[in-house]
2 protein chains.
Amino acid sequence: MEADVYLGDCLEILTKVPENSVDLVYLDPPFFTGNTQKLTTRDRTQRFQFSDVWRSTNEYAQFLHPRLCEMKRVLNSTGSIFLHCDRNASHIARFLLDNVFGEEMFSSEIIWQYRRWSSGERRLLRAHQNILFYTKSQEYKFNTMFVPYSPATNVDQILQKRARDEYNKSIYAIDENGEAVFNGNKKGVPLGDVWDIPYLNPKAKERVGYPTQKPILLLEKIIRLVTDENDLVLDPFCGSGTTLIAARLLNRRCIGIDNSPDAIRITQERLRSPSSSRSCLMEEGRGAYENTDKYALAHLSGLDIIPVQRNSGIDAFIKCDAANGTVPIRVQKPNEPLGQAALALYTASKTKHPSLMILVSTQQEMELASTVSIPGMIVVDSASKVITRAVKDALIGVRSKR
Amino acid sequence: MEADVYLGDCLEILTKVPENSVDLVYLDPPFFTGNTQKLTTRDRTQRFQFSDVWRSTNEYAQFLHPRLCEMKRVLNSTGSIFLHCDRNASHIARFLLDNVFGEEMFSSEIIWQYRRWSSGERRLLRAHQNILFYTKSQEYKFNTMFVPYSPATNVDQILQKRARDEYNKSIYAIDENGEAVFNGNKKGVPLGDVWDIPYLNPKAKERVGYPTQKPILLLEKIIRLVTDENDLVLDPFCGSGTTLIAARLLNRRCIGIDNSPDAIRITQERLRSPSSSRSCLMEEGRGAYENTDKYALAHLSGLDIIPVQRNSGIDAFIKCDAANGTVPIRVQKPNEPLGQAALALYTASKTKHPSLMILVSTQQEMELASTVSIPGMIVVDSASKVITRAVKDALIGVRSKR
DNA sequence: TACACCTCTGAATCTTCCA
DNA sequence: CTGGAAGATTCAGAGGTGT
């Protein structure tokens with residue numbers, strides 16, 4: 001699939017692109033953090049003037065506006081534009097797009113949500129970026145995408161056919177035997193405007209050293225959403241070329257422009273061997289890492305704990321104020337001998353030299369808790385175990401009285 | 001806790017509020033979708049003019065600006081303002097806040113994310129709203145909140161101390177024996193700016209029939225984040241009064257203003273009995289449990305039970321093969337005295353004449369289990385209770401050895 | 001006052017090691 | 001050799017400290 005990369009200012013280069021030829025424009029324009037002069041007039045008797053605000057971000061808008069106009073020109077009438085906003089300029093970007101494309105062409109504000117390392121700042125941890133999605137006309141191309149139903153949804157019910165009862169109330173259909181009638185497969189829920197895509201990790205193979213590099217998965221999603229195969233994708237600030245890589249992997253034609261020779265070089269190198277990293281998190285989603293049983297956590301309900309995901313011997317640590325270190329805790333699994341559970345907890349904990357370890361015994365078994373005697377380990381019966389025994393004892397008592 | 005509700009335009013009412021007296025302003029201003037005239041000049045040779053765009057949203061800005069100024073006046077220097085944006089006006093709101101409070105007082109754009117019923121629109125399903133968070137000064141009050149670590153995090157590792165090697169590279173510390181050194185407890189990750197809070201279910205008890213009603217959980221989070229007890233919360237467009245309810249439940253003073261007599265009436269009614277929504281508070285404290293039922297069932301994990309849905313005294317019955325009848329069981333709720341729980345279980349059970357009743361004690365309290373002596377009732381400690389006590393005892397033991 | 005440098009931080013990957 | 005578990009590595013951050 002053809003991919004053209006140009007060195008230069010997109011304002012100039014774009015004049016060579018014929019109008020109505022591009023199906024998708026994605027751009028992540030550089031933001032100038034330089035000279036944003038503060039407003040001095042805070043006199044609240046004075047009416048608010050837009051031009052006052054404008055002056056502070058004038059440079060950015062003056063830079064972007066003519067380029068957006070040029071992008072609109074090359075965009076096909078069924079085409080779309082996605083503008084990846086700088087945090088400090090998302091409102092300016094929206095004004096500019098409203099002006100160039102028209103307010104009524106605003107389709108969505110996409111929130112790219114991610115997790116990242118934290119720092120001790122006294123504020124909310126920034127964990128999202130905004131992408132504005134405008135179309136050139138109302139007859140835009142849009143491939144509705146679906147995501148799986150949320151776990152809370154009663155999927156069984158969704159898949160049932162609906163009917164009307166004698167009072168014309170909507171009910172779920174049942175056949176002559178009183179069984180539910182199934183509806184065939186549904187595709188799931190339409191894709192929303194908040195996308196949880198892992199931030200590109202420092203160690204990711206996908207990373208090529210370009211500062212604002214975006215995950216390929218994000219670009220893939222955008223490209224699939226509004227283009228078909230062989231359509232033309234344009235990135236006028238292509239940076240390390242992630243957009244072009246994603247486009248090529250999805251069999252779309254693409255044009256990339258950047259005014260940095262380094263960017264062009266990196267992009268051309270990546271295009272020679274386009275690869276997207278296929279990591280567990282990207283592929284399987286967030287659920288893939290959740291290996292600590294709900295079973296185990298349920299038994300610890302009400303405790304102030306830190307669940308541990310990547311350790312087969314420890315289910316959680318207990319939070320305690322003491323400087324005594326952390327207290328590892330493990331819940332005996334069904335069909336797991338108590339001794340084995342104790343050993344697993346001990347093995348996983350030994351490098352940590354905890355002053356205390358806790359094992360929750362859940363199974364009724366021959367093996368007595370006292371037989372497990374590892375120094376520093378306390379064995380506690382779960383409520384369910386105590387209850388089961390209590391019920392048994394009590395009912396025997398009741399019987400013997402008769 | 002005092003709560004004042006005023007009927008009228010906040011611009012007027014606010015003049016009566018002394019300056020620097022309010023600690024938090026939350027507002028969800030009405031957006032006028034009326035006469036936004038389209039721009040006609042799309043000549044791309046013409047430079048972009050801010051005033052052109054401004055005209056189209058003039059009315060909204062002219063309405064909001066003087067009111068924001070007034071809110072700034074009444075706000076304490078350590079105070080914060082949260083503006084819940086209409087989707088069509090978030091950029092205008094940001095310009096106005098930049099103008100009134102200053103760009104450098106912009107703290108966060110909070111994304112309230114939710115899932116909702118899908119519609120067949122040819123666009124992305126809207127699943128978020130934006131809340132702009134500005135402070136009055138740099139010395140703002142901020143209660144850092146923490147959330148659990150991501151499932152992908154290696155918690156074992158996070159809990160280790162860090163050090164530098166001879167090349168000043170950050171490494172995990174080891175002691176003289178080559179063992180990992182633990183760091184004590186961590187609280188989790190600082191709260192981010194994307195909040196996943198369920199949209200108010202149309203059938204929720206909480207709902208009072210007001211169109212833009214917000215979940216109490218959302219307001220609780222905001223109030224906790226930037227205020228302490230007895231602080232003053234202001235909602236100048238209070239609608240059905242969710243902000244005031246949340247403030248009162250968290251022991252904050254509050255002022256609500258609305259120019260609709262209906263809104264004022266609904267708010268005053270809700271304030272008279274805020275207890276109906278109290279379960280929300282417990283939810284958040286207990287984390288993941290969507291309702292008290294799940295809280296109870298988690299404590300009974302591993303038991304073969306029949307959950308009871310709509311009984312205030314009984315959480316479940318234990319399945320037992322005996323013809324001895326069913327055994328009702330109840331889990332003590334957070335903040336519920338054990339005696340009260342016992343009485344509730346007894347009252348709910350007495351018509352069934354069970355041979356046995358089981359009460360699971362979950363709270364650390366003065367009241368001894370033995371003091372609850374109802375014939376046929378057995379009191380069992382939950383695992384979490386036993387563990388909490390065991391940890392406390394063991395650590396005291398460790399200390400006394402030193 | 002300005003700025004260079006140092007420190008703390010957790011997500012998600014890469015890398016190594018072991019059975 | 002293979003697969004999984006545990007350890008190592010890095011960050012378009014952000015505050016504090018010292019020059």
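In the text below, chain A, chain B and the rest are named by the order of the sequence lines, each starting its count at 1. What you see below is based on every heavy atom in this structure, not just the backbone, and it leaves out hydrogens, waters and symmetry mates. None of the values given here were measured: they were computed from a predicted structure.
Between the side chains of B/Asn130 and A/Glu109, at least one donor-acceptor pair of N or O atoms lies under 3.5 Å. In the model, A/Gln332 has no side-chain atom that pairs as donor or acceptor with a side-chain atom of A/His299 under 3.5 Å.
Looking at heavy-atom distances under 4.0 Å, A/Arg310 makes contact with a base. Within the nucleic acid shown, B/Ser150 comes within 4.0 Å of sugar-phosphate atoms alone, with no base atom in reach, counting heavy atoms only. Nucleic acid contact for B/Gly188: sugar-phosphate only, since backbone atoms but no base atoms lie under 4.0 Å from a heavy atom of the residue. Residue contacts shown for B/Tyr149 are limited to sugar-phosphate atoms, with no base heavy atom under 4.0 Å away. If you check every strand for non-hydrogen atoms under 4.0 Å, B/Asn154 touches a base.
Listed candidates were C/dT9, D/dG7, D/dA14. Nearest to the side chain of B/Gln157 is D/dG7. Residue A/Trp117 has its side chain nearest to C/dT9 when only C/dA12, C/dT9, D/dA14 are considered. Looking at the side chain of A/Glu121, the nearest of the listed nucleotides D/dA14, C/dG10, C/dT13 is D/dA14. Nearest to the side-chain atoms of A/Arg116 among the listed nucleotides D/dG13, D/dA6, C/dG10 stands D/dG13.
Here the C1' atom of nucleotide D/dA14 and the CZ atom of A/Arg87 are 11 Å apart, to the nearest Å. To the nearest angstrom, P of C/dG10 lies 17 Å from OH of A/Tyr114. Protein atom CD of B/Gln160 is 15 Å distant from nucleotide atom C1' of C/dT9, rounded to whole Å. Regarding A/Ile197, its CD1 atom lies at a distance of 13 Å from the P atom of C/dT13, rounded to whole Å. Spacing between atom CZ of A/Arg122 and atom P of C/dT9 amounts to 17 Å, rounded to whole angstrom units. The CZ atom of A/Arg123 sits 16 Å away from the C1' atom of C/dT9 (whole-angstrom rounding). The separation between A/Asn88 atom CG and D/dG13 atom C1' is 14 Å, rounded to whole Å. In this structure, the CG atom of A/Leu124 is 17 Å from the C1' atom of D/dG15, given to the nearest Å.
Relative ring orientation between B/Phe142 and B/Tyr140 is described as perpendicular, the plane-to-plane angle rising above 60° on a 0-90° scale split at 30° and 60°.
Between B/Glu139 and A/Arg122 there is no salt bridge, since no side-chain N of the basic residue sits under 4.0 Å from a carboxylate O of the acidic one. Ion pairing between B/Asp156 and A/Arg310 fails under the 4.0 Å rule for side-chain N and carboxylate O.
The side-chain hydrogen bond (donor to acceptor under 3.5 Å, both in side chains) test with A/Asp235 singles out one residue from A/Thr243, A/Thr242, A/Thr267, and that residue is A/Thr243.
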Worksheet item: Can you give the dot-bracket line for DNA chain D, where a pair is Watson-Crick or G-U wobble with both atom distances under 3.5 Å, crossing pairs use [ ], and | marks a partner on another strand?
Response: .||||||||||.|||||||
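The phosphate of D/dA6 has OP1 or OP2 within less than 4.0 Å of a side-chain N or O from A/Ser312.
Because its NZ or CZ atom is not both nearer than 6.0 Å to the ring centre of A/Tyr199 and within 45° of the ring axis, A/Arg115 does not count as a cation-pi partner of that residue.
For an aromatic pair to be called close, the ring centres must be under 6.0 Å apart, and A/Phe82 with A/Tyr134 fails this.
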